[in-house]
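Presented below is the structure to which this report refers.
When reading the values below, keep in mind they use all heavy atoms of this one structure, side chains included, and skip hydrogens, waters and symmetry mates. Every chain is numbered from 1, with letters handed out A, B, ... down the list of sequences.
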Amino acid sequence: MTNTIAMPSSETKPMPNLNDAQQRAIYHTQGPMLVLAGAGSGKTRVLTHKIAHLISQGVDPSQILAVTFTNKAAKEMSHRVETLLGKGQDAGLWIGTFHSICSRILRREIGKYQGDSGRNWKNNFVIYDESDSMTAMKEAIKALELDDKLYNPKNIRYHVSNLKNQMISAFQYASKAVDFRAEKLARIYDTYETILYRNNALDFDDLLKKTVELLQQNPDVRDRYHRQFTHILVDEFQDTNDAQYEMVRLIVEGCTKQERMQLNFNTLWQNRTFTVVGDVDQSIYSWRGANFKICLNFQHDYPDSQMIKLEHNYRSAKNILQVANAIIENNSERLPKELISVKPDGEKVTCYEAKDDRDEAFYIIERFQKLVQTGKYRPGDCCILYRTNSQSRVFEDILMSKGLSYTVVGGIKFYERREIKDVLAYLNIVFNDQDAFSVKRVLNVPKRGIGKTTVEKLETYANQNGISLYQALKQVDQIPDISGKTPKAIGGFVSVIENLKAHVENTSLHEFIIYTLEETGYLNELKMEDPLDNDGRIQNVEEFVSVARNYLLDNPEGDLAGFLTQMSLLSDIDNAEPAENKFVLMTMHAAKGLEFDVVAVAGLEEGLFPHSRSLSDKTQMEEERRLMYVGVTRARDHLFLTYSRRRLVFGEFRYGMPSRFLKEAPQELFTGNYTLDQEERYGGGSFDDDYRGGGYKRKIYGQRESGYTSSRFEEDEPPVSRIRPKRSTEVLKVPPPNLFPVGTRVQHVKFGQGTVEQVIGEGEKAVYNVKFDTIPGRKLLDPKFAKLEAI
DNA sequence: GGTAAATCTTTTTTT
DNA sequence: AAGATTTACC
């Protein structure tokens, strides 16, 4: 980093190493501004310098609100501001994700929030993650005695989440319900809300929605934050959703949407900064409610806003950037822009066709090793990117077998592990004993002899008497049906919790967690279960204690509330320690905002990337393409793009065609063994015969021969697909292999037209998973029996 | 109420 | 193929 520059004392003395557009973005501090910042254009630098500039101009840090996309980005940004200004100079700055900023506001103000049907949360609310929210949704559907086949909890949760992101309440949704199903949905939504309310819990979407409603309902609260935050900056603006935008708008303008008409923007913008930074081409979270049209509409919402484009890319070699530019040009919904690379051409982009997923992993890892051997790169500079988390497995297997160390970012998150959730459940109960989910989770962990039927009786009693589950536990003696040893066991649990409650005040956080682990007998049970800690559970629990200790070191004022909040909102990427001796693996979503010298994008196959769920929808396909753009633009020096002819999914081989994204790039920028042309691929001959080696290509091929022998022979002739073993001996007309590759449009006599989403099994035994346009769900069809025609 | 066996489900991306 | 969840039996 070249950030050893002193801050200028006035606006007339520009900072060195910043280009003209960057400087204009930094020094414009009056009024709204949209910064369209392409990948690698120094967006983070602009934001940090702008914050530092504001503070150096006398703005109190507590007047600045900076919103980032991840907690890690927040941490990094405040660190960089400190580097620019000196330690502690940024004290009081509000910086964090929308979710963490909203929790901070709600912890203070939720008492003033008026929920529907008089539901008023208390400030010791707990935050439910996706799985808790899922449990609540299942409970809601069950409570209404609805069939969870017809009302799929996952589906409905997704639907409710979307409604919340659009600020639509159950009540509002019910009033507009047009059919029977919508009415039921509204009922489920409302029941779900009731369950969360009874547990004094909020889900992720509530953090945003309830903050917005709080600000709408209370002019005094709104005005307080409006006065405080005179300088607001939002990063990754293209991934903002409606609720988030409305929250920012409420604080920036200090008025409701209705009052907005009378607002005098001329006076509003005096000494007020509102800067949003984004790149429409990198909008990859629409499935989470993000709406990049907010970005496109910004100038319409704020006609007096300034707009600045950062179009110089300081990150990627020219060849890499050209590939990215060529691919993204295939999107129609975008603001035209061409990123200009300031770096040399660099090497050609390598495109590799692997025999299978293992071959692909071997190839990438060996190429990475070669680059590390040159001494120019460390393993930590090399990153493997993929579409789905499940793809990490093959890479991990092979890295492990080679004895190489690696970090997987994402996937199973630390705090989603069973033992961590158990400990967190105890802490949650101490903090908020209304949280019935946590009570249920650990009531019998460690085993206390309290079973399912007992829990059901307790719940019934609690519901009948309008008390919380924990209150019911306390009154167990008055519940007629529970007898024998059970009341004593329950009493034991209650006294453990009461004992913990008595200790929480005067014990430091990590000591309290250790106390909890011992007092509850949880640690003992772990030790009994697995004395050698083969599963690493004890280690994870110990790690958790360290997490708490670190939290206290970072936040000297921190308490249980703050710790629990942070634990709920922390994502895996936030914890990812940059270790220079470890290869990095992650999804392209997780890679947003990061950069690496060496990058491989793996699994470039139709149906995987672009994902099968996006094949038939133009909007979704464009989002996949933006994701590809994000992946490619992570690379500084070297880029590998790979795909496999077949891959093991759910224990079956699946066949795919090379991703369309590869074909969208100018082929003269590629090198490698690829064959993207379908006619050539199926014109006859095996893959190996088909190989047309040139100098460089042959070298790769040679490596492959020597390096991947074991994988080639072990897997070359896989056991016959098990999908249709019974009929396989019958003499039938055999369709050629991959008659209908993934993505093919097909016609069926009965079902009409559809798209092939998967090919399961090999050649003649292949069956095709087809999504028909008019029928919900997918149909598994065998062309030997079903009349299928490509159209 | 607890265990072992059988069966179902998973893989889109995440605050 | 692996994990989670449900069921069957003690």
Item to check | Comparing A/Leu208 and A/His611 on DNA chain B - which has the more 5′ nearest nucleotide | outcome: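 First, find each residue's nearest nucleotide; the 5'-ward one identifies A/His611.
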Next on the checklist: Given B/dT13, B/dT15, B/dT11, identify the nucleotide with an atom nearest to the side chain of A/Val649.
Outcome noted: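 From the listed options, B/dT11 comes nearest.
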Indicate every side-chain donor-acceptor pair of residues 626-635 of chain A with a distance under 3.5 Å to a residue at least two apart or in another chain.
residue, atom, partner, partner atom, Å
A/Arg626, NE, A/Ser283, O, 2.6
A/Arg626, NH2, A/Glu623, OE1, 3.1
A/Thr633, OG1, A/Tyr629, O, 2.7
A/Thr633, OG1, A/Val630, O, 3.1
A/Arg634, NE, A/Val630, O, 2.7
A/Arg634, NH1, A/Leu594, O, 2.9
A/Arg634, NH2, A/Gln282, OE1, 3.2

Rounded to the nearest angstrom, tell me the gap between atom [atom1] in [X] and atom [atom2] in [N].
X        : N      : atom1 : atom2 : value
A/Tyr158 : B/dT14 : OH    : P     : 14 Å
A/Asn165 : B/dT14 : CG    : P     : 16 Å
A/Asn241 : B/dT14 : CG    : P     : 17 Å

Item to check | salt bridge (charged side-chain N to carboxylate O under 4.0 Å, His left out) against A/Lys457, all qualifying residues, sequence neighbours excluded | outcome: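 Checked A/Lys457 against salt bridge (charged side-chain N to carboxylate O under 4.0 Å, His left out); zero matches.
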Checklist entry - Quick one: salt bridge (charged side-chain N to carboxylate O under 4.0 Å, His left out) partners of A/Asp129, sequence neighbours excluded? => result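 Testing A/Asp129 for salt bridge (charged side-chain N to carboxylate O under 4.0 Å, His left out), a comparison that skips the adjacent residues, returns A/Lys421.
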For [X], enumerate each residue passing the side-chain contact (heavy atoms from CB on, under 4.5 Å) test, keeping only those at least two apart in sequence or located in another chain.
X        : value
A/Glu333 : A/Phe292, A/Lys293, A/Thr619, A/Glu622
A/Asp554 : A/Lys75
A/Thr565 : A/Ser103, A/Arg107, A/Ile127, A/Leu569

Checklist entry - For A/Arg249, which residues count as a side chain to side chain donor-acceptor pair (under 3.5 Å) partner, sequence neighbours excluded? => result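 Testing A/Arg249 for side chain to side chain donor-acceptor pair (under 3.5 Å), a comparison that skips the adjacent residues, returns A/Glu246, A/Glu253.
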Next on the checklist: Checking A/Asp422 now: which residues fulfil side chain to side chain donor-acceptor pair (under 3.5 Å) with it, not counting sequence neighbours?
Outcome noted: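 Residues passing side chain to side chain donor-acceptor pair (under 3.5 Å) with A/Asp422: A/Arg441, A/Tyr522.
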Item to check | Close approaches to DNA chain B from residues 391-401 of chain A, in residue order (heavy atom, under 4.0 Å) | outcome: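 When residues 391-401 of chain A is checked for heavy atoms under 4.0 Å from DNA chain B, there are no hits whatsoever.
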Checklist entry - Heavy-atom contacts under 4.0 Å between residues 93-102 of chain A and DNA chain B, which residues? => result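 Output list: A/Thr97, A/His99.
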Next on the checklist: Using a heavy-atom cut-off of 4.0 Å across all strands, would you classify A/Asn389 as base, sugar-phosphate, or nothing?
Outcome noted: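 Sugar-phosphate, no base atom in range.
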Checklist outcome for this item: The contact string for nucleotides 1-9 of chain B, one letter per nucleotide 5' to 3', using protein heavy atoms under 4.0 Å with B, S and - for base, sugar-phosphate only and none, comes out as SSS------
Checklist entry - If only side-chain N and O atoms of A/Thr70 are considered, is one of them under 4.0 Å from the OP1 or OP2 phosphate oxygen of B/dT15? => result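 Negative; the distance criterion is not met.
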Next on the checklist: Quick check: A/Tyr406 with A/Phe395 (ring centres under 6.0 Å apart)?
Outcome noted: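 No, the ring centres sit 6.0 Å or more apart.
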Next on the checklist: Between A/Phe544 and A/Phe563, is the ring centroid distance below 6.0 Å?
Outcome noted: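 Yes, they do, as the ring centres are separated by less than 6.0 Å.
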Checklist entry - What pairs meet the salt bridge (Lys or Arg N to Asp or Glu O under 4.0 Å) rule with one or both residues in residues 391-401 of chain A, with sequence neighbours excluded? => result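 Residue pairs passing salt bridge (Lys or Arg N to Asp or Glu O under 4.0 Å), neighbours aside: none found.
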